[in-house]
Amino acid sequence: MLIKGTKLPFKAVRGMKDILPEEIDVWNHLERLARQVFQAYHYREIRTPIVEETEPELFVRGVGETSDIVSKQMYAFPDRKGRSLALRPEGTAPVIRAYLEHGLDRQGSLLKLFYLGPFFRSERPQAGRGREFHQIGAEAIGSENPALDAEVIALAIHLLKAFGLEGLKTNLNSIGCPSCQPDYRKVLIKYLRSKSDSLCSDCRDRTERNPLRVLDCKREKCRPLIEKAPSISGYLCPACAEHFQRVQTHLDDLGVEYSLDPYLVRGLDYYTRTAFEIAYEHLGAQNAVAAGGRFDGLIEELGGVSTPAVGFALGMERVILAKGKELEMPTCRISVYLAPQGEEAGRETVKLLQRLRGEGIDSDMDYQGRSLKSQLRLANRLQAKYVVIISEKETVILKDMQSGEQEEMEQGLVVKKIKEKLS
RNA sequence: GUGGGCGUAGCUCAGGUGGUUAGAGCACCAGGUUGUGGCCCUGGUGGCCGCGGGUUCGAAUCCCGUCGCUCACCCCA
């Protein structure tokens, strides 16, 4: 409790949240499920530092200089020697950095990695979007086989289903490659400029800055124009078109349901060809719960030998938000609670408690010298299975909190008895 | 960065047009029950009414500012 008359001296940083004991079971549960699923798909975990140096421009070159993430959302700061550091705003660039730094490309053919942890972007907080947020992601590096695109998409969906999410919608598109996207881009810009008067002000801006982004403008005003806009699908080069077709065939073979969405665009510059997004309808404005795609140019951009790769990331907070109260886990339980009565009994209780714990039985005791009544009340709230009442006598009382039955026994026997009952 | 909504007890929220000691439910503590939980009953702890200024005889209430939270835009998982 705070001293009377004072207000909170410290607060969590804006947009960053404490995960409290009552919430942590959900997180651990999801992470445990995720690890199982990744194991089934043969992805191995990698953990990269939360901080990266910005000087060789890892994020600028990876994510894109003009992207909002780099241009205005990155937490960057100098360290003691004046080097510029940044809290990682996304996971792919650091994973590729580690991949190149440790020569993981020389250890085998295809490398499949997953990661989970916090990321940071200095955006305005909103439902499903914090300044610190947690992602689970995967990257499959070293093949342009469309079957791998399909695997990654299937993996993302598999994870979300394992988390218990229903009613997901998967959208798919191909945004081409460096040999065809620029041509489309020119055509699109030309079209958009011709309609510039009818577009919203944001879209006029986007036309010059990031024309593909105009395609997923939500404004009523822009919709009809967008629907008449040239579609990327007509401009894909033969190689991209075939790749996209084969991704779809594989998804069909896998029984994955998806919709083609020619307006789907990714915000990060490194994406090529396959782009996908998995949305949960009732989430509010931020309804993409997972998204990803292919990034065949990133590794070369970061100084490696040109290597194709696909991946995705999934937002933990959004998953938890989507699950809402459905996901509530059983609250904290304890097997045995010890209720000492009086000072002398306290010493015996501490010893008994240690013996129980030595046997691996989760147990606790009252340390506050409270009345038996309030100790039992607490034990009840903790959903204790058994309570041991210890008085100054030789014998103790073992009470079954569910049935209410209790029996008196020698103190030496109680640990053995509890072990029997719990097994 | 831009716009809307909201800041009253640990939590969820009441408190018409300003008017005495600011309320309820939940939670917490104690008692009813000569150390025995849940249900019920009774009582109790807990509030600079976000902060600062203004209007007024008088402000939780009206006005301005500020900070915080929240939703949305932008952008993104």
Side-chain angles (χ1 to χ4, degrees), chain A residues 1-2 4-8 11-15 17 20 22 63-64 66-73 89-92 116 118-137 156 159-160 200-203 205-206 209-210 213 216-219 265-268 271 276-280 283-293 311-322 337 339-342 345 366 368-384 386-392 397-406:
Chain A
M1 284 227 300
L2 288 173
K4 205 178 164 186
T6 55
K7 44 179 198 174
L8 276 175
K11 270 187 180 169
V13 171
R14 179 170 165 81
K17 288 195 167 148
L20 301 175
E22 61 188 32
V63 179
T66 53
S67 70
D68 282 24
I69 290 180
V70 166
S71 63
K72 53 188 186 193
Q73 298 176 351
E90 60 96 48
T92 301
L116 84 218
F119 296 88
F120 303 85
R121 290 178 202 170
S122 181
E123 305 173 87
R124 194 81 160 241
Q126 189 182 330
R129 191 176 67 193
R131 290 181 168 187
E132 179 182 29
F133 56 100
H134 296 77
Q135 288 190 337
I136 295 181
L159 272 170
L160 293 168
C200 71
S201 60
D202 281 334
C203 282
D205 202 44
R206 277 188 281 237
R209 200 162 40 90
N210 192 350
R213 277 260 145 233
D216 63 0
C217 181
K218 293 162 197 157
R219 292 237 169 74
V265 174
R266 307 272 67 233
L268 282 53
Y271 284 110
F276 72 97
E277 194 166 279
I278 305 171
Y280 181 77
L283 255 193
Q286 256 58 50
N287 66 358
V289 76
F312 77 91
L314 162 169
M316 286 288 277
E317 281 84 356
R318 291 184 186 179
V319 168
I320 290 170
L321 208 60
Y337 193 78
Q341 301 303 303
D366 174 78
Q368 299 179 90
R370 302 204 287 182
S371 69
L372 180 59
K373 178 181 177 138
S374 58
Q375 290 188 38
L376 280 164
R377 225 199 313 260
L378 180 62
N380 186 60
R381 202 168 60 231
L382 296 174
Q383 299 181 59
Y386 298 98
V387 168
V388 183
I389 299 165
I390 299 128
S391 62
E392 267 134 57
I397 297 168
L398 176 60
K399 182 178 175 88
D400 182 321
M401 290 298 280
Q402 222 160 17
S403 65
E405 285 167 13
Q406 56 188 53

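Chain letters run A, B, ... following the sequence lines, proteins first, then strands; residues in each count from 1.
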Strictly below 4.0 Å: does [X] bring a side-chain N or O up to OP1 or OP2 of [N]?
X	N	value
Q126(A)	rA72(B)	yes
S391(A)	rG35(B)	no
R381(A)	rC28(B)	yes
R124(A)	rU2(B)	no
R370(A)	rC29(B)	yes
R213(A)	rC74(B)	no

Where the side chain of [X] is concerned, which of [options] is the nearest nucleotide?
X	options	value
R129(A)	rC71(B), rG38(B), rC74(B)	rC74(B)
S374(A)	rA72(B), rU36(B), rA30(B)	rA30(B)
K399(A)	rG37(B), rA77(B), rC73(B)	rG37(B)

Does [X] reach a base, just sugar-phosphate, or nothing at all? Heavy atoms under 4.0 Å.
X	value
D68(A)	sugar-phosphate
I389(A)	base
G404(A)	base
G128(A)	base
A379(A)	nothing

Could you tell me the separation between the [atom1] atom of [X] and the [atom2] atom of [N], rounded to a whole number of Å?
X	N	atom1	atom2	result
M401(A)	rU36(B)	CE	C1'	9 Å
K11(A)	rU70(B)	NZ	P	10 Å
D205(A)	rC75(B)	CG	C1'	13 Å
E132(A)	rA77(B)	CD	P	17 Å
L372(A)	rU34(B)	CG	C1'	13 Å
L376(A)	rU36(B)	CG	P	9 Å
L378(A)	rG37(B)	CG	C1'	10 Å
I69(A)	rC74(B)	CD1	P	15 Å

Can you tell me how far [atom1] in [N] sits from the matching atom in [M], rounded to whole Å?
N	M	atom1	value
rU56(B)	rC63(B)	C1'	12 Å
rU45(B)	rC40(B)	C1'	22 Å
rA59(B)	rG54(B)	P	12 Å
rG15(B)	rG4(B)	P	24 Å
rC76(B)	rG3(B)	P	22 Å
rG46(B)	rG23(B)	C1'	14 Å
rU12(B)	rC28(B)	C1'	16 Å
rA24(B)	rG43(B)	P	11 Å

Open item on the list: Could you report the tightest heavy-atom contact between P89(A) and I69(A), atom names first, then the distance?
Closed with: CB-CG2, 3.6 Å
- [ ] Give the minimum heavy-atom separation between A156(A) and F276(A), together with the two atoms involved.
- [x] CB-CE1, 4.3 Å
- [ ] Look at the side chain of R121(A) and the backbone N and O of E132(A), then say whether any donor-acceptor pair between them is shorter than 3.5 Å.
- [x] no
Open item on the list: When you measure from the side chain of Q368(A) to the backbone of R370(A), do you find a donor-acceptor pair of N or O atoms at a distance under 3.5 Å?
Closed with: no
Open item on the list: Return the CG to CD1 distance between L372(A) and I389(A), rounded to the nearest 0.5 Å.
Closed with: 5.0 Å
- [ ] Look up atom OH in Y337(A) and atom CG in L382(A), then write down how far apart they are to the nearest 0.5 Å.
- [x] 6.5 Å
Task: 5'-most by nearest nucleotide on RNA chain B - K72(A) or K373(A) - done: K373(A)
Open item on the list: Heavy-atom nearest nucleotide on RNA chain B for R121(A) versus K17(A): which residue maps closer to 5'?
Closed with: K17(A)
Go through the N and O atoms of the side chain of [X] and the base of [N], and report whether any donor-acceptor pair is under 3.5 Å.
X	N	value
R318(A)	rC76(B)	yes
Q375(A)	rU36(B)	no
Q286(A)	rC71(B)	no
R14(A)	rC69(B)	no

Task: Test log, rule side chain to side chain contact (heavy atoms under 4.5 Å, CB included), inputs R131(A) and K17(A) - done: CA-CA 9 Å; R131(A) 290 181 168 187; K17(A) 288 195 167 148; over 6 Å; no
Task: CA sep, side-chain torsions, deciding dist, call: L376(A), K399(A), side chain to side chain contact (heavy atoms under 4.5 Å, CB included) - done: CA-CA 10 Å; L376(A) 280 164; K399(A) 182 178 175 88; 4.2 Å; yes
Open item on the list: Go through it in stages, so that I can follow the logic: the residues are R129(A) and R318(A), the test is side chain to side chain contact (heavy atoms under 4.5 Å, CB included), and I'd like the CA-CA distance, side-chain angles, deciding distance and then a yes or no.
Closed with: CA-CA 8 Å; R129(A) 191 176 67 193; R318(A) 291 184 186 179; 4.2 Å; yes
Task: Stems where RNA chain B pairs, listed by first number, each of three or more Watson-Crick or G-U pairs under 3.5 Å - done: B:1-7 with B:67-73, B:10-13 with B:23-26, B:28-32 with B:40-44, B:50-54 with B:62-66
- [ ] Compare the ring of F119(A) with the six-membered ring in the base of rA77(B) and state whether they stack (centres under 5.5 Å, planes under 30°).
- [x] no
TODO: Go through the steps for F312(A) and L159(A) under the test side chain to side chain contact (heavy atoms under 4.5 Å, CB included), then give the verdict.
DONE: CA-CA 12 Å; F312(A) 77 91; L159(A) 272 170; 3.6 Å; yes
- [ ] Return the set of residues passing side chain to side chain donor-acceptor pair (under 3.5 Å) with E317(A) (not counting sequence neighbours), or none when no residue passes.
- [x] H134(A)
Open item on the list: Apply the syn/anti split at 90° from 0 to rG58(B) and say which one it is.
Closed with: anti
